[in-house]
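Below is one structure; the comments refer to it alone.
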There are 2 protein chains.
Amino acid sequence: MAVSEQLQTAYRMLAGDTFDSRCASRPVMDQVTTRWGTLVIAALVTGPHRFSALHQRVGGISQKMLSQNLKSLVRAGLVERHVEPTVPPQVTYSLTALGESLAEPLCELLRWFGEHTEAMLDAQRRHDAAA
Amino acid sequence: MAVSEQLQTAYRMLAGDTFDSRCASRPVMDQVTTRWGTLVIAALVTGPHRFSALHQRVGGISQKMLSQNLKSLVRAGLVERHVEPTVPPQVTYSLTALGESLAEPLCELLRWFGEHTEAMLDAQRRHDAAA
DNA sequence: CGGAATCCCCGTGGATACTG
DNA sequence: CAGTATCCACGGGGATTCCG
């Protein structure tokens with residue numbers, strides 16, 4: 001198998017942990033791996049963004065979901081919210097150090113999808129055709 | 001910023017793609033990044049598993065969600081379903097080559113959570129206390 | 001501009017029971 | 001053992017409206 005010992009090691013580190021339903025990481029993981037969390041984090045990789053900029057960039061997200069996700073990400077210490085006391089108010093969101101460290105594996109995952117989406121769609125078509 | 005050009009590059013590859021709501025990768029991404037998809041894939045990294053083995057390992061997942069996730073993963077060509085025609089029936093699930101290639105970035109992500117969950121929980125506590 | 005609040009719907013997802 | 005089927009509740013998530 002091509003997966004090698006590296007993955008095996010990674011797996012063992014998680015064995016008694018992530019797979020346990022009582023593990024504390026579960027709720028925290030859900031927040032990030034939720035439908036939008038991934039994209040919001042990824043969108044912030046290039047630097048600070050304003051609310052409306054994020055709203056446009058992520059594409060398809062509603063204001064509600066965006067603000068909701070941002071709130072929980074701020075709470076988790078992944079995103080920093082900066083308010084410029086002007087009129088009209090200027091609110092900027094940026095990744096914290098913790099958020100940036102998360103962005104790394106996250107971007108690799110997104111990149112994987114970018115590269116393999118076609119393969120997956122092909123597989124689905126073939127699967128549906130066979131059925 | 002510490003994120004460096006590597007991430008910038010990764011980002012640009014996604015720019016006109018993943019963030020577009022009409023992008024084909026969205027539904028496919030949702031299937032995997034859904035609550036259980038990640039864990040199911042990760043659980044299969046160590047090798048083939050039977051249904052009940054997965055049911056126990058993932059912990060907290062219902063039979064319904066497990067079979068549902070497995071079905072869509074098989075459809076996407078990430079997981080292979082192997083039936084041994086015995087009585088009682090023995091059904092084994094394993095990662096395909098495509099699935100294994102996905103497992104790599106996915107495991108890194110899970111590893112990140114394993115290492116940083118504490119930091120996130122701390123941040124949440126501090127945030128809640130400040131409020 | 002950047003949200004918070006409200007309304008409402010539909011899908012996710014759990015529990016249970018049944019089948020091959 | 002490996003599911004499928006049915007029922008049901010909750011909350012994710014969209015559209016709209018209002019506020020500072």
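Proteins come first, then strands; the chains are lettered A, B, ... in the order of their sequence lines, and each starts at number 1.
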B/S/- contact track for nucleotides 4-18 of chain C, protein heavy atom under 4.0 Å: B--B-----BBB-B-
Which is it for B/Val32 and B/Leu78 under the side-chain contact (heavy atoms from CB on, under 4.5 Å) test, yes or no, and what are the steps along the way? CA-CA 10 Å; B/Val32 176; B/Leu78 297 169; 3.9 Å; yes
Interatomic distance, B/His55 NE2 vs D/dC1 P [rounded to whole Å]: 11 Å
Five pairs at each end of the helix from C/dC1-D/dG20 to C/dG20-D/dC1: take the axis at both ends and give me the angle between them to 10°. 50°
Residue pair A/Gly59 / A/Trp36: nearest heavy atoms and the distance that separates them: O-CZ3, 4.3 Å
Do the side chain of A/Thr96 and the main chain of A/Gly99 share a donor and acceptor less than 3.5 angstrom apart? yes
Between B/Pro89 and A/Phe51, which is nearer to the 5' end of DNA chain C once each is assigned its nearest nucleotide? A/Phe51
A/Leu98 and B/Met120 have their tightest heavy-atom pair at CD2-CG, 3.9 Å
Between P of D/dC1 and NE2 of B/His82, the distance in whole Å: 19 Å
Pair up each side-chain donor or acceptor in residues 88-95 of chain B with any protein partner under 3.5 Å, not counting sequence neighbours, and list the distances.
| unit_1 | atom_1 | unit_2 | atom_2 | d |
| --- | --- | --- | --- | --- |
| B/Gln90 | OE1 | B/Arg50 | NH1 | 2.8 |
| B/Tyr93 | OH | B/Arg81 | NH1 | 3.2 |

For B/Thr46 and B/His49 the tightest heavy-atom approach is OG1-CE1, 3.2 Å
In terms of heavy-atom contacts, B/Thr38 and B/Thr33 come closest through OG1-CA, 4.1 Å
Identify the heavy atoms of A/Ala43 and A/Leu54 that sit nearest to each other, and give their distance. CB-CD2, 3.9 Å
What is the distance from CZ of A/Arg57 to C1' of C/dG2, rounded to the nearest Å? 19 Å
Looking only at heavy atoms, the pair that brings A/Ala76 and A/Gln31 closest together is CB-OE1, 4.3 Å
Give the nucleotide from the list C/dG3, D/dA2, C/dC1 with an atom nearest to the side chain of A/Val91. C/dG3
What is the distance, rounded to the nearest whole Å, between atom CZ of B/Arg26 and atom C1' of D/dG13? 14 Å
Could you state the CD-P distance from B/Gln90 to D/dA2, rounded to the nearest angstrom? 7 Å
To the nearest angstrom, how far is A/Arg50 atom CZ from C/dC1 atom C1'? 7 Å
